[in-house]
Amino acid sequence: MQAASRESYKIAAERLDEYVRGAEPSAVATTADDILSVAALLRREPRLRRVLSDPARSGADRTGLLGDVLRGKIDSEALDLLASLVSGRWSSPSDLLDGTERLGVEALLASADVAGELGEVEDELFRFGQVVAGQPDLAAVLGDPIAPAAQRAGLARQLLEGKARPVTVRLVEVALAGFGGRSFTGALTRLVELAADRRDRQVAYVTVAAPLSDEEEQRLGARLSAIYGREVSVRQTVNPDVLGGVSVRVGSDLYDGTVLRRLNETRNALAKR
C-alpha cells in the first residue's frame, strides 16, 4: 500500500482494536466473516471498488454508497468498520481491496486472540503448510490458481476436519483465495506472520537436517529475541538435504550456517580456478 492507503487502513485497524475489547470471540468472528465477504464482493466487482476509492467523491459520499449496498446484509459492527475504511483516502482501488481483506483477516485473528487461541491458530497454520509442502501432489492441487477456490477450500476443510480450529480453517480458505494477491504458500506464510505479529512476536523460519530438541529450540529463540528486541516464534522445517547446521530466516534476514551452503561455496570457488 502507498502512504495514504496505509494511513486509512491504520485508522480502521484502530477502530477494530477498540471494538474487540470486551467483545465475545464469536461476535468478532462473525464480523470478520462479513468483512471478508465484502472483500470477495470487491474482488468480483471492480467498478464498485473504483467508486468506493474514488478521490473525487467525499468520504461521506462513499460511506453513504457503502451503506446503500450493504445495509441489512452484514452486521452493524462490520458495516461500521468498513465505513471507517471507505471514508479514508485510497491511492488505488486495489489498495482498498487489500485493506478490506487485511481488516477481515485481522478481525479473525483478533477473535482467536480474545478466545485465548491465537498461539494455537498460528501453530496450526504453520503445520498445515508443512503437511502440504511435504506432499507435492497435494501442494499442486491446493496451489492450482486455475481450479475453483471453493473446490480447493472443500478439500482443505476435509483435511482439517477435527484437527484445527474454525478460525484456522477460515484463514486457510483466505489463503486459497490468494490473500493479498499471493500464491497459496505465500499467503499461508503471511498469515502465520500476521498471527505472530498480533502476539507481538517475530517469526524465525529454521531449516535443519534433524529436529532441534526443545532445549535447543528455546535457546535459539532466546538468542534471536535478544537480537530483534521482541519474542520470536521458532518454526522448524526438517530437510535432510542441508546435511547439517542451521539456516534461519527472519523477515528479509537470512543466516545460513548449513553444511550444504558451505559445500556449495567450496564447489563454486573450485569451479572458478
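- Using a cut-off of 4.0 Å between Lys/Arg side-chain N and Asp/Glu carboxylate O, Arg102 and Glu106 are scored as salt-bridged.
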**Asked** For Arg199 and Ser233, what are the C-alpha separation, side-chain angles and deciding distance, and is it a side-chain contact (heavy atoms from CB on, under 4.5 Å)?
**Response** CA-CA 10 Å; Arg199 298 169 64 213; Ser233 292; 3.8 Å; yes

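- The side-chain heavy atoms of Arg201 and Val232, taken from C-beta on, include no pair separated by under 4.5 Å.
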Show the atom names and distances, to 0.1 Å, of all donor-acceptor pairs under 3.5 Å that link a side chain in residues 35-44 to residues at least two apart or in another chain.
from, atom 1, to, atom 2, distance (Å)
Ser37, OG, Asp34, O, 2.6
Arg43, NH2, Glu101, OE1, 3.4
Arg43, NH2, Glu101, OE2, 2.8

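- Both tests hold for Arg235 against Phe126: distance to the six-membered ring centre under 6.0 Å, angle to the ring axis within 45°.
- Taking the ring centre of Phe179 as origin, the terminal cationic atom of Arg182 falls inside the region bounded by 6.0 Å and 45° from the ring axis.
- Looking only at atom types and distance, the side chain of Asp80 has no donor-acceptor partner in the side chain of Tyr19 under 3.5 Å away.
- Residues Glu124 and Arg165 are paired through a salt bridge, judged by an N-O separation under 4.0 Å between the basic side chain and the carboxylate.
- Taking a 6.0 Å sphere around CD of Glu24, one finds it holds 12 or fewer heavy atoms contributed by other residues, nucleotides or ligands.
- Between Ser111 and the choices Val28, Thr30, Asp33, Leu118, the side chain to side chain contact (heavy atoms under 4.5 Å, CB included) rule is met once, by Val28.
- Separation of atoms CG (Leu96) and OG (Ser53) is listed at 5.5 Å; rounding is to 0.5 Å.
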**Request:** Check step by step if side-chain contact (heavy atoms from CB on, under 4.5 Å) holds for Leu254 and Val248.
**Result:** CA-CA 6 Å; Leu254 176 64; Val248 179; over 6 Å; no

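- Taking the side chain as every heavy atom from C-beta outward, Val203 and Tyr205 approach each other to under 4.5 Å.
- Applying the 6.0 Å contact sphere to CZ of Arg230 captures more than 12 heavy atoms from other residues, nucleotides or ligands.
- With hydrogens and angles left out, the side-chain atoms of Thr31 and Asp75 include a donor and acceptor closer than 3.5 Å.
- When only modelled atom types and interatomic distance are considered, Gln202 and Glu231 share no side-chain donor-acceptor pair under 3.5 Å.
- In the hydrophobic clustering of ILVMFWY residues, with side-chain heavy atoms under 4.5 Å counting as a link, Leu109 and Phe128 come out together.
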**Message:** Between Asp253 and Tyr228, does the side-chain hydrogen bond (donor to acceptor under 3.5 Å, both in side chains) criterion hold? Intermediate values first, please.
**Reply:** CA-CA 11 Å; Asp253 298 335; Tyr228 288 93; 2.8 Å; yes

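- Under the 4.5 Å side-chain contact rule for hydrophobic residues, Val238 and Val192 do not share a cluster.
- Counting heavy atoms from C-beta on, the side chains of Val20 and Val114 come closer than 4.5 Å.
- With hydrogens and angles left out, the side-chain atoms of Ser94 and Ser92 include a donor and acceptor closer than 3.5 Å.
- Distance OG/Ser76 to CG/Leu70: 13.0 Å, rounded to 0.5 Å.
- Between Arg219 and Glu215, at least one side-chain nitrogen of the basic residue sits less than 4.0 Å from a carboxylate oxygen of the acidic one, meeting the salt-bridge criterion.
- Side-chain contact between Leu212 and Leu220 is present, with at least one heavy-atom pair separated by less than 4.5 Å.
- The side-chain heavy atoms of Gln236 and Pro211, taken from C-beta on, include a pair separated by under 4.5 Å.
- A salt bridge links Asp17 and Arg198; the closest N-O separation between the charged side-chain nitrogens and carboxylate oxygens is under 4.0 Å.
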**Item:** Worked verdict on Ser247 versus Tyr255 for side-chain contact (heavy atoms from CB on, under 4.5 Å)
**Value:** CA-CA 6 Å; Ser247 172; Tyr255 310 94; over 6 Å; no

**Request:** Would you please test Asp54 and Arg57 for side-chain contact (heavy atoms from CB on, under 4.5 Å) and show each step?
**Result:** CA-CA 6 Å; Asp54 185 356; Arg57 292 174 178 263; 3.9 Å; yes

